[in-house]
There are 2 protein chains.
Amino acid sequence: MNLELNERRRRVLKAVIQQYIDTATPVASQDLARSLGVSSATVRNEMAALEDAGLLTHLHTSAGRLPTDAGYRFFVENLMDRAALSTQEQRMIQHQFYQIRSELNQWIHLAAAVLARTAQTAAVVTPPRAYESRFKHIELIAINDALVLMVLVLHEGSVKQQTLPADPHTTQEQLSRIAGRINELCHEASAKAIVAIAQTQPAAQPPLSSFEVLVIESVARAMQQFEEHVNELIHHDGLLEMLHQPEFGQVTRVREVLSILEGGTMLESLIPQALASDGVQVIIGGEHSRDELRDYSVILSRYGVNGDVAGVVGVLGPRRMAYPRSISSVRYIAGVMSDLMGDLYGERKIEPTE
Amino acid sequence: MNLELNERRRRVLKAVIQQYIDTATPVASQDLARSLGVSSATVRNEMAALEDAGLLTHLHTSAGRLPTDAGYRFFVENLMDRAALSTQEQRMIQHQFYQIRSELNQWIHLAAAVLARTAQTAAVVTPPRAYESRFKHIELIAINDALVLMVLVLHEGSVKQQTLPADPHTTQEQLSRIAGRINELCHEASAKAIVAIAQTQPAAQPPLSSFEVLVIESVARAMQQFEEHVNELIHHDGLLEMLHQPEFGQVTRVREVLSILEGGTMLESLIPQALASDGVQVIIGGEHSRDELRDYSVILSRYGVNGDVAGVVGVLGPRRMAYPRSISSVRYIAGVMSDLMGDLYGERKIEPTE
DNA sequence: AGTTAGCACTCGGCGGCCAAGAGTGCTAAA
DNA sequence: TTTAGCACTCTTGGCCGCCGAGTGCTAACT
């Protein structure tokens with residue numbers, strides 16, 4: 001990308017983008033003349049040049065300039081100041097995570113809430129997932145005469161629950177014995193391996209009862225479903241924060257962003273991509289493959305434990321987004337989440353490099 | 001409430017409300033003259049009378065009529081046709097619930113989604129809760145050298161998870177023994193009773209180890225938190241459906257409704273009230289105690305198993321809401337949920353009577 | 001060559017105005 | 001008691017013209 005911009009031109013571009021991000025109104029040459037120490041006419045010339053280079057536009061002849069996608073991109077990659085969160089903010093965030101460190105299933109809620117608040121836009125978080133989930137533990141609990149609650153714990157710490165029909169008057173002791181047997185049979189097994197166990201019954205000295213087979217099949221099915229339906233587990237927060245931005249002046253925009261967040265748009269392309277790459281990903285406006293995201297920017301980062309389990313945190317906002325702050329927020333939260341996961345697994349974490 | 005309305009006046013009121021609900025525009029006397037077989041002037045006279053009675057208003061001199069809160073109330077209680085869901089819709093809903101009957105934690109999601117879709121507004125569902133939760137089962141699973149995952153199952157079937165620090169090199173067998181011991185000690189106990197167990201250690205022949213005390217305290221704390229934080233568990237869906245209503249033409253409305261749904265407004269008064277009463281509750285506009293709900297109506301019903309566990313389902317929409325359909329939808333979904341719970345507990349269910 | 005003052009030009013936004021239309025309330029007649 | 005007729009009210013939408021904001025260009029200046 002055009003690195004042949006001279007120093008002043010860069011400063012003009014940077015100033016335009018910063019002010020536009022700040023005020024949401026096209027910026028006039030006058031606005032910059034003062035701070036750059038040159039006349040408005042000079043600024044106008046520079047702006048015209050930046051427009052020729054495809055980094056700025058204006059909406060009509062007598063309107064101020066605003067950045068194009070390429071302009072934002074150049075800003076993010078070459079111009080932006082790295083705005084780290086203040087140590088005070090960092091401490092507050094750390095503290096909040098510390099308080100719920102033992103409640104696994106609140107992590108993603110907190111992450112989304114904190115991210116939405118610090119970046120002032122909508123935040124998106126997927127729960128951590130293993131590349132291939134492995135069986136850890138199962139428990140069978142009698143609920144009533146005919147029903148059993150099966151609690152399944154996967155290796156990465158996720159817990160799934162499900163009810164199963166049982167023979168009447170099966171006692172809790174019997175159930176515990178069965179659970180114990182299955183725990184041994186399925187120890188650390190993958191979904192596929194468990195399917196195989198249900199079918200072939202290897203190493204099962206007393207052959208498996210029909211109920212035991214049912215349980216094992218349910219385990220396998222639950223694990224497979226879990227692997228397939230990550231989509232449904234995506235969590236978001238901060239819609240309200242985002243709606244304060246002036247681009248959401250009309251309700252059609254709101255509907256649009258709601259269906260992006262609640263429909264599966266993000267997941268189909270962005271999240272897998274973020275999971276597969278290191279560092280913080282910034283996708284700006286029309287750079288998206290999905291057309292419905294044309295007016296939005298997305299910042300995503302993977303978090304988790306390398307080679308083991310990982311998830312994605314990020315924000316979604318209008319193209320005119322506070323990139324420096326959003327990017328540092330995403331990076332920081334991803335780091336915090338990785339630390340938490342690291343404590344849980346005692347392995348090396350993903351630290352966003354770039 | 002004014003039962004001295006003559007037949008024709010009732011028909012006028014009913015027609016006005018039905019048409020207003022349908023079109024969202026004030027209805028003119030002309031519109032009703034045809035269908036009532038009288039002239040528009042007559043209809044105007046009747047409308048004026050209904051306005052004197054406080055059941056209708058108009059926004060300015062030359063605008064059509066629209067219902068007041070009292071008008072809606074009269075409609076709901078005396079005029080409305082009971083519009084049951086079609087058997088086809090009922091079958092579809094039944095079918096969807098049947099498919100996930102074994103996945104407890106998907107019930108509320110499905111209920112909210114189905115309700116939002118059939119009633120075409122935002123739906124709200126709280127998970128079933130026991131009046132006082134009792135301990136059912138605990139499981140301790142070694143995660144790594146220093147961490148243990150505690151899975152706690154409450155009597156009503158809810159599952160909570162939490163990590164605990166443990167002495168290094170505690171084996172899974174040791175953990176299972178400890179879990180077994182605690183399961184016996186805490187059998188069917190309430191949160192208070194469990195606190196007492198941790199403190200006084202009655203009937204504990206070998207005295208409890210410090211780790212065992214930690215686990216028991218954690219169980220107690222989790223149960224207490226669960227009892228206090230029902231609020232955070234409220235689930236909603238169908239915002240998008242609701243935004244299609246013309247009353248959400250301006251974004252301030254959207255923000256308003258978002259903060260109602262995500263802030264705790266509903267829970268503080270409405271949900272406890274719905275939990276305490278039988279049948280379907282309809283609260284219209286200004287009848288709310290909370291002022292922020294002045295422009296909205298809420299329809300709620302308790303569901304669950306009588307005297308044991310119960311939750312709330314309902315919808316939130318603009319005052320101009322399709323009451324007949326919404327009410328039947330809420331009633332029906334509450335019934336379905338009660339059936340599901342009944343199967344789980346094998347006891348008598350709450351069937352909304354009125 | 002680069003910078004800047006000056007100026008004409010363009011365009012959106014806003015307020016005022018007017019006409020059209022929708023609907024009512026009232027009155028008087030059926 | 002109902003209804004036709006009519007005056008009156010109030011909203012809505014379109015149209016016009018003005019104002020202000022900003023630009024682009026040119027010519028002068030350094």
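Throughout, protein chains are lettered first and strands after them, A, B, ... in sequence-line order, and every chain is numbered starting at 1.
The shortest distance between the side-chain N/O atoms of Ser39(A) and the OP1/OP2 oxygens of dT3(C) is not below 4.0 Å. At least one side-chain nitrogen or oxygen of Thr61(A) sits closer than 4.0 Å to the OP1 or OP2 atom of dC11(C). When the side-chain nitrogen and oxygen atoms of Ser29(A) are compared with OP1 and OP2 of dT23(D), one or more of them lie within a distance under 4.0 Å.
Positionally, the nearest nucleotide of DNA chain D for Gly37(B) lies more toward the 5' end than for the other of Gly37(B) and Leu59(B).
With rounding to whole Å, Asn45(B) atom CG is found 9 Å from dG25(C) atom C1'. Between the CD atom of Gln30(A) and the P atom of dT23(D) there is a distance of 9 Å, rounded to whole Å. Taking atom NE2 of residue His58(A) and atom P of nucleotide dA21(D), one finds them 19 Å apart after rounding to whole Å. Here dT1(D) presents its C1' atom at 16 Å from CZ of Arg44(B), a figure rounded to the nearest Å. Computed from coordinates, the Met47(B) CE to dT2(D) C1' distance equals 17 Å when rounded to whole Å. Atom CZ in Arg8(B) sits about 8 Å away from atom P in dT3(D), given to the nearest Å. Atom CG in Asn6(A) sits about 17 Å away from atom P in dA1(C), given to the nearest Å. The distance between atom NE2 of His60(A) and atom P of dG20(D), rounded to the nearest whole Å, is 17 Å.
Other residues, nucleotides and ligands contribute more than 12 heavy atoms inside 6.0 Å of the CZ atom of Arg290(A).
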Cut-off 3.5 Å, no hydrogens considered: what does the side-chain donor-acceptor table look like for residues 242-258 of chain B, sequence neighbours left out?
| residue | atom | partner | partner atom | Å |
| --- | --- | --- | --- | --- |
| His244(B) | ND1 | Leu240(B) | O | 3.1 |
| Gln245(B) | OE1 | Arg320(B) | NH2 | 2.9 |
| Glu247(B) | OE1 | Arg320(B) | NE | 3.4 |
| Glu247(B) | OE2 | Arg320(B) | NE | 2.9 |
| Glu247(B) | OE2 | Arg320(B) | NH2 | 2.3 |
| Arg253(B) | NH1 | Glu256(B) | OE2 | 3.3 |
| Arg253(B) | NH1 | Asp295(B) | OD2 | 2.8 |
| Arg253(B) | NH2 | Asp295(B) | OD2 | 3.2 |
| Arg255(B) | NH1 | Leu243(A) | O | 2.9 |
| Glu256(B) | OE2 | Tyr296(B) | OH | 2.8 |

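Residue contacts shown for Ser40(B) are absent, as no nucleic acid heavy atom lies under 4.0 Å away.
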Test log, rule side chain to side chain donor-acceptor pair (under 3.5 Å), inputs Ser326(B) and Ser329(B) = CA-CA 5 Å; Ser326(B) 297; Ser329(B) 303; 6.0 Å; no
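Put simply, the side chain of Ser62(B) and the base of dT9(D) share a donor and an acceptor less than 3.5 Å apart.
Side-chain N or O atoms of Glu241(B) include none that pairs as donor or acceptor with a backbone N or O of Ala122(B) at under 3.5 Å. For the pair Thr126(B) (side chain) and Val312(B) (backbone), a donor-acceptor distance under 3.5 Å is present.
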